[in-house]
Amino acid sequence: TGFCWPARSPAYCSDETSFDQLIKTRTQEVTSNEAAVAAAGHWFQYLEDKAAGYLLSANTGHFPPEIYCCVTAAGDLESMCGAVLNGPIVIKAVDSHSNMGVFAFSTGGVVSGANSTEIITQEQMSLEDVVMA
């Protein structure tokens, strides 16, 4: 069965051929019972998992960037990663996609209470701005 995917008219497709509906259904399956989806051999749930992508890259002979510090709460960046924040650094949130939650700083890094130029957006940001984003 082929999928129907008109770019600007989701109402055009019937549910059984709608690509949009397939994605919604699979997403709902993953969020309601991820173990069953994994047991069925599907890997849809890993598409947006940065840690899984990093491991896949490393295990297939590619060289992903080094991870210098990893925290589970953005508020812990300064206390746990302070030593690496004052040089060139890229900070990536693991729960974002499409380059959202990615912040790159050059030589001076990013520090608390002072603005640095974030390279991607060219905006002035402090560490507090990164944590709040």
Side-chain angles (χ1 to χ4, degrees):
T1 300
F3 286 104
C4 174
W5 190 11
R8 301 202 183 271
S9 181
Y12 173 80
C13 299
S14 63
D15 281 348
E16 55 273 354
T17 61
S18 168
F19 185 74
D20 291 339
Q21 187 61 40
L22 172 67
I23 296 299
K24 289 176 187 174
T25 301
R26 292 267 172 91
T27 301
Q28 186 177 26
E29 289 171 6
V30 169
T31 56
S32 65
N33 191 354
E34 185 175 342
V37 173
H42 299 292
W43 45 268
F44 175 79
Q45 66 276 17
Y46 300 119
L47 289 176
E48 293 184 0
D49 187 327
K50 287 182 177 72
Y54 183 94
L55 291 173
L56 176 66
S57 294
N59 288 334
T60 56
H62 300 281
F63 302 97
E66 270 189 64
I67 296 176
Y68 292 100
C69 183
C70 185
V71 295
T72 55
D76 293 336
L77 274 171
E78 186 171 27
S79 63
M80 297 185 70
C81 306
V84 297
L85 294 175
N86 59 3
I89 189 166
V90 174
I91 300 171
K92 295 173 79 174
V94 296
D95 60 350
S96 296
H97 59 85
S98 305
N99 291 335
M100 299 302 295
V102 177
F103 305 95
F105 297 93
S106 63
T107 309
V110 60
V111 295
S112 178
N115 284 336
S116 300
T117 302
E118 195 281 320
I119 296 170
I120 299 169
T121 63
Q122 294 297 304
E123 291 182 21
Q124 293 294 306
M125 297 183 82
S126 67
L127 182 58
E128 290 80 10
D129 295 328
V130 172
V131 169
M132 294 300 292

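Side chains included, hydrogens not; waters and symmetry mates left out as well; all remaining heavy atoms used.
When the side chain to side chain donor-acceptor pair (under 3.5 Å) test is applied to E78, no partner is found at least two apart in sequence or on another chain. With sequence neighbours left out, the side chain to side chain donor-acceptor pair (under 3.5 Å) criterion links S112 to E128. Applying the side chain to side chain donor-acceptor pair (under 3.5 Å) test to E123 and every residue at least two apart in sequence or in another chain returns nothing. Residues passing the side chain to side chain contact (heavy atoms under 4.5 Å, CB included) test with T25 are Q21, E29, sequence neighbours excluded. Under the side chain to side chain donor-acceptor pair (under 3.5 Å) criterion, D129 pairs with S126, sequence neighbours left out. Residues meeting the side chain to side chain contact (heavy atoms under 4.5 Å, CB included) test with A133, sequence neighbours left out: F103. For T60, the side chain to side chain contact (heavy atoms under 4.5 Å, CB included) criterion is met by L56, H62, not counting sequence neighbours. Partners of V71 according to the side chain to side chain contact (heavy atoms under 4.5 Å, CB included) rule, which considers only residues two or more places apart in sequence or in another chain, are C69, D76, L77, M80, C81.
For the residue pair G109 and S116, the shortest heavy atom distance occurs at O-OG, 3.0 Å. Listed here is the closest heavy atom pair of K92 and V90: CG-CG1, 3.9 Å. Scanning both residues, V130 and F105, for their nearest heavy atoms gives CG2-CZ, 3.8 Å. The minimum heavy-atom distance between N115 and Q124, with the atom names listed, is CB-OE1, 3.5 Å.
You'll find the side chain of V111 stays beyond 4.5 Å of the side chain of L127, heavy atoms only.
Around CD of Q122, the count of heavy atoms belonging to other residues, nucleotides or ligands within 6.0 Å exceeds 12.
Side-chain heavy atoms closer than 4.5 Å link hydrophobic residues (I, L, V, M, F, W, Y) into clusters, and following such links, possibly through other members, connects V84 to V110. The same ILVMFWY cluster, assembled from side-chain heavy atoms under 4.5 Å apart, contains both L85 and M125.
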